[in-house]
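Throughout, protein chains are lettered first and strands after them, A, B, ... in sequence-line order, and every chain is numbered starting at 1.
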Amino acid sequence: FGGRDYICAEDLDELEAMLLQADLGQSTVEKILSELKSRMEADGKADRKVLEGIISGIIGEILSASSKTEIQIHKPHVIVLLGVNGTGKTTSAGKMAYSLSRQGKKVVLAAADTFRAAAIEQLEVWAERAGAELVKHKQGSDPSAVAFDAAKAAINRDADYLIVDTAGRLHTKSNLMEELKKVGKVIGGQVESAPHETLLVIDATTGQNGLVQAREFNKAIPLTGIILTKLDGTAKGGIVVAVSEELGIPVKYVGVGESAEDLRPFDAKEFVEGLFK
Amino acid sequence: GLSEKLQSIMQKLKGHGKLSEKEIDSALKEVRIALLEADVNFKVVKSFIEKVRERALGSEVMQSLTPAQQVIKIVHSELIELMGSTASRLELGQEPPIVIMMVGLQGSGKTTTSAKLANLLKKANNKRPMLVACDTRRPAAVKQLETLGTQIGVPVHHVEGASPEQIAKSAVEGALKSGRDLVILDTAGRLHIDEELMQELERIKILTDPDEILLVVDAMTGQDAVNVAKAFQERLDITGVILTKLDGDARGGAALSVRAVTGKPIKFAGTGEKLDGIEVFHPDRMASRILG
Ligand SMILES: Nc1nc2c(ncn2[C@@H]2O[C@H](COP(=O)(O)OP(=O)(O)OP(=O)(O)O)[C@@H](O)[C@H]2O)c(=O)[nH]1
Ligand SMILES: Nc1nc2c(ncn2[C@@H]2O[C@H](COP(=O)(O)OP(=O)(O)OP(=O)(O)O)[C@@H](O)[C@H]2O)c(=O)[nH]1
Ligand SMILES: [Mg+2]
Ligand SMILES: [Mg+2]
């Protein structure tokens, strides 16, 4: 910031520290601060509030840029949840089913995690809570077979939504990523242009690896959005800024708790305000 | 990687005579970036860089023919020093039953790791472990632990309708009678800011007097790792940490953050979804991984 010595260096350092501690990541923070520099008016007041306002604007633009595309609703509208282990996919699938059922929609849930202990039973509880129909196979069966049957069931039952819960998997495991690709293809074979939404579920406590996860999962099945979970904790989930910017995908929902009602549509303004708290 | 970056910085100095503080600061800037990209906590990075800087301004770097390599060596050795230079053991020598309490945030890997640990101690240490399902909240959590217990031939204790405290207490009280010498308490995931649930853990601790309280942390955790570790440490005085999902490609800077803020050792590494995916933690391997 040489030459602009009316900007308090201390303010800048504090803002940088805050953004880094919110997991925005070193390179994203650098870009934001340099953009801030170019937006500073030559004779503008540069107190802390002004700087925060400009930064909020920059981040807000990144987050809303990707949310411009309208998602067309199909019948059945097929949503696939994917992501690494433990991020909240099954819980989010259940919450989503619950919220859609509350809106009077007919929902089919697919238990495509056939690997993890009691994964099917866990989704079964959620299906019951949501009043949604569950399609499941035996433990250890082919996830694509479950997806196939679920798609057929959703069509036959004239369902409005089909939500496919997949097993957690690390993007570094190529065989598991191939399995995911196959699930996507099988669904596409049964329902026109499906999956209509592929949502990467990211835990708000995730650091820079969240960007790597997004890149790799996007290669397996093109992502249409992000669900940012566990935002009810102290983590800020700042990694979604880099993901939104690089992949052009919006955060669609946030998870704010473990109960059925704890899934909300993403509010960029609220999210950015949270970064400054 | 970091070595290449430092090499290129120091390379520019060839023929310019002695190194100055300016070059060292430029090199340290690269180390700082590397550590932040590896998810080491901002404040931990700050104090770590200070320590490295002090040593880097000494003769081992300033008068070296290969200053970049010297800086890397210092960073590496300081990382290992901070992480604890030797693998840390579990407290297994106590009066049976040994009680191990697993705690941590939602989804960090407690249930899976509880079963992995039971399996390891059964095979490698000839223990007769019992798994205890204290998670009465998460759908099918008890079923999950029971399924894993069946896979490894370890009994799972649960009491339908009882509170987590009652389940834990009854397990420890009945352990020896049922021929078990080691009890692993799997607790529900919770937020460190959930006062009610943190008090539940404090009560379980008082009732069962654990020999080990292990904080289970996901290796991909970012800056929040310090908040979580500090809170669990302050409320429970944890005895160690287990870092899970190290079979991924997260750099794992949370390891450094957790160690720096609690002073407690990382005792195990979770290295896979299957029940054999657990290893003793190696601080030196972690240091290399964090540096990328
Ligand atoms: N506090 C909080 N906890 C959540 C949220 N979403 C999910 N969880 C919890 O996180 C834990 C993991 O959730 P799951 O739904 O099993 O995660 P998953 O991604 O399906 O896990 P795997 O299938 O094993 O990969 C559970 O304890 C959930 O209750 C959230 O928004 N807030
Ligand atoms: N790849 C990999 N996956 C792991 C590892 N440890 C646990 N997991 C997976 O992470 C997910 C969450 O594990 P759980 O054991 O259910 O986590 P938890 O902490 O008990 O979750 P809550 O009880 O909901 O808080 C599951 O899909 C596990 O299979 C590991 O070391 N590597
Ligand atoms: Mg799941
Ligand atoms: Mg669990």
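- For A:Glu258, the part lying under 4.5 angstrom from a heavy atom of chain B is the side chain only.
- Taking B:Leu197 as the reference, B:Arg137, B:Arg190, B:Asp194, B:Glu200 meet the side chain to side chain contact (heavy atoms under 4.5 Å, CB included) condition, with sequence neighbours excluded.
- For a residue to count as touching a neighbouring chain, one of its non-hydrogen atoms must lie under 4.5 Å from one of that chain's; by this rule A:Glu124 does not touch chain B.
- Contacts of A:Gln26 with chain B are made by side-chain atoms alone, with heavy-atom separations under 4.5 Å and no backbone atom involved.
- Listed by sequence position, B:Asp218, B:Met220, B:Thr221, B:Gly222, B:Gln223, B:Asp224, B:Asn227 are the residues of residues 216-234 of chain B in contact with chain A, using a 4.5 angstrom heavy-atom cutoff.
- Near-neighbour residues of residues 251-261 of chain B relative to chain A, defined by a heavy atom under 4.5 Å from a heavy atom of that chain, are none.
- Between chain A and the residues B:Thr112, B:Thr147, B:Ile33, the largest count of heavy-atom pairs under 4.5 Å involves B:Ile33.
- Nearest heavy-atom pair, A:Met96 versus A:Tyr253, reported as atom, atom and distance to 0.1 Å: CE-CE1, 3.6 Å.
- Between the side chains of A:Thr114 and A:His137, not a single donor N or O lies within less than 3.5 Å of an accepting N or O.
- For the residue pair B:Asn119/B:Asp276, the side-chain donor-acceptor check at 3.5 Å is not satisfied.
- Using a 4.5 Å heavy-atom cut-off against chain A, no residue of residues 155-164 of chain B qualifies as contacting.
- For A:Thr87, the part lying under 4.5 angstrom from a heavy atom of chain B is the side chain only.
- There is no contact between B:Leu145 and chain A, counting heavy-atom distances below 4.5 Å.
- Neither the backbone nor the side chain of A:Lys236 comes within less than 4.5 Å of any heavy atom of chain B.
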